[in-house]
Amino acid sequence: MSLFKTICRRGFGALVVAGLAAAALDAAPAHAATPDEIKARGKLMVGVLTDYPPFGGTDANQQPAGYDADVAALMAKNLGVKLELVPVTGPNRIPYLLTNKVDLLIATFGITPERQKQVLFSNPYSAMTIYVLAPKSLAIKTPEDLKSVTISVARASTQDIAISAVAPQGTPLKRFDDDATTLQALISGQVQAIGASNIVLAQLTKDYPQLGIEPKIILKEQANGMAFRKADTALADYANGFIAELVSNGELSKINQKWFGVPLTKLPPMPQFSSDKW
């Protein structure tokens with residue numbers, strides 16, 4: 001099955017699951033702030049993407065599945081509680097967290113200075129490379145070359161932030177609400193390039209070799225962290241210890257092998273940002 005069809009199928013399932021989840025959340029929002037409170041409640045509520053496989057997709061039953069979901073399952077097991085996976089999107093991840101609809105996010109969430117103003121991040125638990133991707137026939141070597149190139153990105157995503165930071169004024173940047181629509185814009189020829197990760201590049205090469213897509217510009221090496229409300233320092237500290245344990249016992253590498261076909265390489269350090277950047 002092609003990448004676009006997979007994302008669309010999973011995206012449709014996400015809409016159904018998200019609708020049900022939203023109704024349940026409105027009725028009983030979460031108010032946990034510490035591991036002890038989560039244990040007392042007996043349930044861990046984690047926001048995950050369902051439109052960005054293999055980090056976050058859905059299974060044959062349209063339930064959340066992927067790298068992030070597996071990490072969440074191990075965390076719930078470690079806490080000794082049940083797990084509820086709550087589908088989120090790129091734009092609504094932070095609102096869901098800040099309005100107590102989830103306890104934390106494990107949602108392929110790149111650690112950026114803008115986001116650090118709103119949420120508290122764990123140490124990285126996964127990573128990926130963000131590129132400008134385009135056909136080999138398109139001459140792009142520097143950000144200045146983007147001025148005449150129509151580019152699609154998912155709104156509020158790491159690639160949106162990264163491209164916006166380097167693209168010259170006037171670059172025709174088209175923002176879409178989800179990854180499926182963003183990808184389809186490239187496949188259908190609506191845009192000439194896309195901001196996406198090495199994961200998308202691998203799938204495009206496999207499913208659409210005729211497009212001749214290649215990386216043109218490395219935008220950033222994205223370190224992904226779990227995200228918490230600013231006050232939930234105890235839960236963030238717990239998560240850092242949990243991530244370290246998964247790395248040392250090999251469980252995180254097993255998850256990476258399962259979803260990406262290769263063992264986990266060394267995770268990047270926690271990004272450090274100076275106050276005068278971004």
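All values below were derived from every heavy atom in this structure, side-chain atoms included, with hydrogens, water molecules and symmetry-related copies excluded.
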N-O pairing of [X] and [Y] below 4.0 Å:
X	Y	answer
Arg175	Asp160	yes
Asp103	Arg41	yes
Lys136	Glu214	no

Taking the side chain as every heavy atom from C-beta outward, state whether [X] and [Y] have any atom pair closer than 4.5 Å.
X	Y	answer
Ile217	Ile163	no
Arg229	Leu120	no
Ile111	Phe273	yes
Leu83	Leu85	yes
Thr171	Pro168	yes
Leu173	Ser164	yes
Lys39	Glu37	no
Ile38	Val81	yes

Please check if atom NZ in Lys77 has more than 12 non-hydrogen atoms from other residues, nucleotides or ligands closer than 6.0 Å. no
Can you tell me if CD1 on Ile218 sees more than 12 non-hydrogen neighbours from other groups inside 6.0 Å?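 It does not: Ile218 CD1 has 12 such atoms or fewer within range.
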Separation of [Y] [atom2] from [X] [atom1] (nearest 0.5 Å):
X	Y	atom1	atom2	value
Leu264	Trp259	CG	CH2	15.5 Å
Asn256	Tyr125	CG	OH	11.5 Å
Lys220	Ile161	NZ	CD1	7.5 Å
Ile106	Leu44	CD1	CG	7.0 Å
Gln192	Ile151	CD	CD1	8.5 Å
Asp36	Leu235	CG	CG	10.5 Å

For Tyr238 and Phe228, I'd like to know if the aromatic rings sit close, meaning centre-to-centre distance below 6.0 Å.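 Centroid separation for Tyr238 and Phe228: 6.0 Å or greater.
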Using the benzene-type ring in the case of Trp, are the ring centres of Phe121 and Phe109 under 6.0 Å apart? yes
Test of understanding: with side-chain hydrogen bond (donor to acceptor under 3.5 Å, both in side chains), list the residues that count as partners of [X], not counting sequence neighbours.
X	value
Asn198	none
Asp237	none
Glu221	Thr129
Ser188	Gln190

Tell me the closest heavy-atom pair linking [X] and [Y], and the distance in Å.
X	Y	answer
Leu79	Pro35	CD2-CB, 4.1 Å
Met226	Ala239	SD-CB, 3.9 Å
Asp145	Lys141	OD2-N, 2.8 Å
Ala107	Val88	CB-CG2, 4.2 Å
Ala227	Val119	CB-CG2, 4.1 Å
Pro124	Pro269	CG-O, 3.8 Å

Give a yes or no answer on whether the side chain of [X] reaches the backbone of [Y] with a donor-acceptor pair at less than 3.5 Å.
X	Y	value
Asp59	Gln62	yes
Asp178	Thr181	yes
Asp51	Thr89	no
Gln222	Ala127	no
Lys101	Met45	no

Apply side-chain contact (heavy atoms from CB on, under 4.5 Å) to Glu245 and Asn78, showing your working. CA-CA 11 Å; Glu245 181 180 342; Asn78 191 273; 3.9 Å; yes
Excluding sequence neighbours, so at least two apart, what forms side chain to side chain contact (heavy atoms under 4.5 Å, CB included) with Ser152?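 If we apply the side chain to side chain contact (heavy atoms under 4.5 Å, CB included) test to Ser152, skipping adjacent residues, the hits are Phe176, Thr182, Ala185, Val191, Ile194.
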Per the salt bridge (Lys or Arg N to Asp or Glu O under 4.0 Å) rule, what does the pair list look like for residues 253-262, sequence neighbours excluded?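 Output for this query lists Asp70-Lys258, Glu251-Lys254.
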Worked verdict on Thr108 versus Asp68 for side-chain hydrogen bond (donor to acceptor under 3.5 Å, both in side chains): CA-CA 7 Å; Thr108 322; Asp68 290 345; 2.8 Å; yes
How are the rings of Phe55 and Tyr67 set relative to one another: parallel (under 30°), tilted (30 to 60°) or perpendicular (over 60°)? perpendicular
Set out, in order, the CA-CA distance, both residues' side-chain angles and the distance that settles side-chain contact (heavy atoms from CB on, under 4.5 Å) for Phe242 and Ser122, then state yes or no. CA-CA 10 Å; Phe242 169 71; Ser122 72; over 6 Å; no
Audit row: Leu219, Thr158, side-chain contact (heavy atoms from CB on, under 4.5 Å) steps and yes/no: CA-CA 10 Å; Leu219 293 170; Thr158 302; over 6 Å; no
Test side-chain contact (heavy atoms from CB on, under 4.5 Å) applied to Leu133 and Leu201, Ile140, Leu211, the passing residue: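 Only one of Leu201, Ile140, Leu211 forms a side-chain contact (heavy atoms from CB on, under 4.5 Å) with Leu133, namely Leu201.
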After noting the C-alpha distance and the side-chain angles of Val200 and Leu183, does the key distance pass the side-chain contact (heavy atoms from CB on, under 4.5 Å) rule? CA-CA 9 Å; Val200 172; Leu183 183 60; 4.2 Å; yes
